[in-house]
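Everything below concerns the one structure shown next.
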Amino acid sequence: MKSQSLLFAELWQEARTRFNKQLLALSQEDLKKRLGDSPNSAGFLIRHIADVELLFAKNVFGKTDLPVRARTVIAKKDTGEWTDLQELKDYAGHSENTFFQVILKQQESNWQTNISTKEFGTRTKAEALGRIISHTAYHAGQLAIIKKYGRP
């Protein structure tokens, strides 16, 4: 029988496939695309997804030794600097691997532990996992629309 942590890790990994498929289909030129007057480019969204995954690993799931400089969260807007596709793919791969490992390392009893943040209030770690899954999927959907209909 699989542990709850392994099941949650597999759930998260499956949900993240939508984002991973978008990454595989992107070109360097796609990174500057935006929808109309939207403030965020495709490159910004990729960096933002990875930034938030790493923040969750550190602040919600307890990987306190993880150095995180969440540049999209700090800037609060697209500064136009996220234009290196390979660098963004590497960073997104780092966040994926880090987050997967931190989920696996959770004790079974940790999933019902309450976590409080100013961004989403008080939730159990299991509920917080739902939050990061929906965050990644939400922005992956935006990325797909930007790739298809966006303009530089």
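Excluded from the calculations below are hydrogen atoms, water molecules and symmetry mates; all remaining heavy atoms, backbone and side chain alike, are included. Count residues from 1 along the sequence.
- Crowding of K32 atom NZ: a count of heavy atoms from other residues, nucleotides or ligands under 6.0 Å not exceeding 12.
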side-chain contact (heavy atoms from CB on, under 4.5 Å) between H48 and V73: does it pass, once the steps are laid out? CA-CA 7 Å; H48 179 69; V73 177; 4.2 Å; yes
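- Between the Q13 side chain and the F100 main chain, no donor and acceptor come within less than 3.5 Å of each other.
- Counting heavy atoms from C-beta on, the side chains of R16 and W12 come closer than 4.5 Å.
- In this structure, L104 is a member of the same hydrophobic cluster as V60, with clusters built from ILVMFWY side-chain heavy atoms closer than 4.5 Å.
- Distance check: I49 CD1 to E96 CD gives 11.5 Å after rounding to the nearest 0.5 Å.
- Note that the CD atom of Q101 and the NZ atom of K63 stand 9.0 Å from one another [nearest 0.5 Å].
- A distance of 10.5 Å separates NE2 of H135 from CD of E119, quoted to the nearest 0.5 Å.
- For Q86, the side-chain contact (heavy atoms from CB on, under 4.5 Å) partners at least two apart in sequence or on another chain are D84, K89, D90.
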Show the atom names and distances, to 0.1 Å, of all donor-acceptor pairs under 3.5 Å that link a side chain in residues 141-152 to residues at least two apart or in another chain.
{"residue": "Q142", "atom": "OE1", "partner": "H139", "partner atom": "ND1", "Å": "2.5"}
{"residue": "K147", "atom": "NZ", "partner": "A25", "partner atom": "O", "Å": "3.4"}

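- A side-chain N or O of T72 and one of D51 form a donor-acceptor pair less than 3.5 Å apart.
- Applying the 6.0 Å contact sphere to CD of E14 captures no more than 12 heavy atoms from other residues, nucleotides or ligands.
- Looking at K125 and Q106, their side chains do bring a donor and an acceptor atom within 3.5 Å of each other.
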Verdict with supporting geometry, N40 and K77, side-chain contact (heavy atoms from CB on, under 4.5 Å): CA-CA 7 Å; N40 298 328; K77 63 180 180 171; 5.6 Å; no
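- Considering all non-hydrogen atoms of both residues, A15 and I133 come closest at CB-CG2, 3.6 Å.
- Checking E53 against T136 by side-chain atom types alone, a donor-acceptor pair falls below 3.5 Å.
- Here F56 and F120 bring their ring centres to under 6.0 angstrom of each other.
- Side chains of S41 and D78: a donor on one and an acceptor on the other come within 3.5 Å.
- Within the 4.5 Å cutoff, side-chain heavy atoms of L54 are placed close to those of H94.
- Rounding to the nearest 0.5 Å gives a distance of 12.5 Å between CD1 of I103 and NZ of K105.
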Given side-chain contact (heavy atoms from CB on, under 4.5 Å), test I46 with Y91 step by step and report yes or no. CA-CA 9 Å; I46 296 166; Y91 188 64; over 6 Å; no
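- Atom CG of D65 has more than 12 heavy atoms from other residues, nucleotides or ligands within 6.0 Å.
- V52 is connected to L11 through a chain of hydrophobic side-chain contacts under 4.5 Å among Ile, Leu, Val, Met, Phe, Trp and Tyr, so both are in one cluster.
- Looking at T113, its side chain does come within 3.5 Å of a backbone N or O of N110 through a donor-acceptor pair.
- Put simply, F19 and F99 are part of two different groups of oily side chains (I, L, V, M, F, W, Y) that touch within less than 4.5 Å, one to the next.
- Nearest heavy-atom pair, A92 versus A50, reported as atom, atom and distance to 0.1 Å: CA-CB, 4.0 Å.
- The hydrophobic cluster containing V102 does not contain L7, counting ILVMFWY residues as joined when their side-chain heavy atoms lie under 4.5 angstrom apart, directly or transitively.
- Between I115 and T122 there is no side-chain heavy-atom pair separated by less than 4.5 Å.
- E108 contributes a side-chain N or O that, together with a main-chain N or O of Q4, makes up a donor-acceptor pair within less than 3.5 Å.
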Criterion side-chain contact (heavy atoms from CB on, under 4.5 Å) on L45 and W82, from CA distance to verdict: CA-CA 9 Å; L45 289 174; W82 295 286; over 6 Å; no
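- One distance of note links OG of S5 with CH2 of W111; it measures 5.5 Å at 0.5 Å rounding.
- Within a 6.0 Å sphere centred on CZ of R18, other residues, nucleotides and ligands contribute 12 heavy atoms or fewer.
- Between the side chain of E127 and the backbone N or O of T124 there is at least one donor-acceptor pair closer than 3.5 Å.
- Ion pairing between E10 and K2 holds under the 4.0 Å rule for side-chain N and carboxylate O.
- If you take CG on L88 and CZ on F44, they are separated by 11.5 Å, rounding to the nearest 0.5 Å.
- Side-chain N/O atoms of E29 and S27 include a donor and acceptor closer than 3.5 Å.
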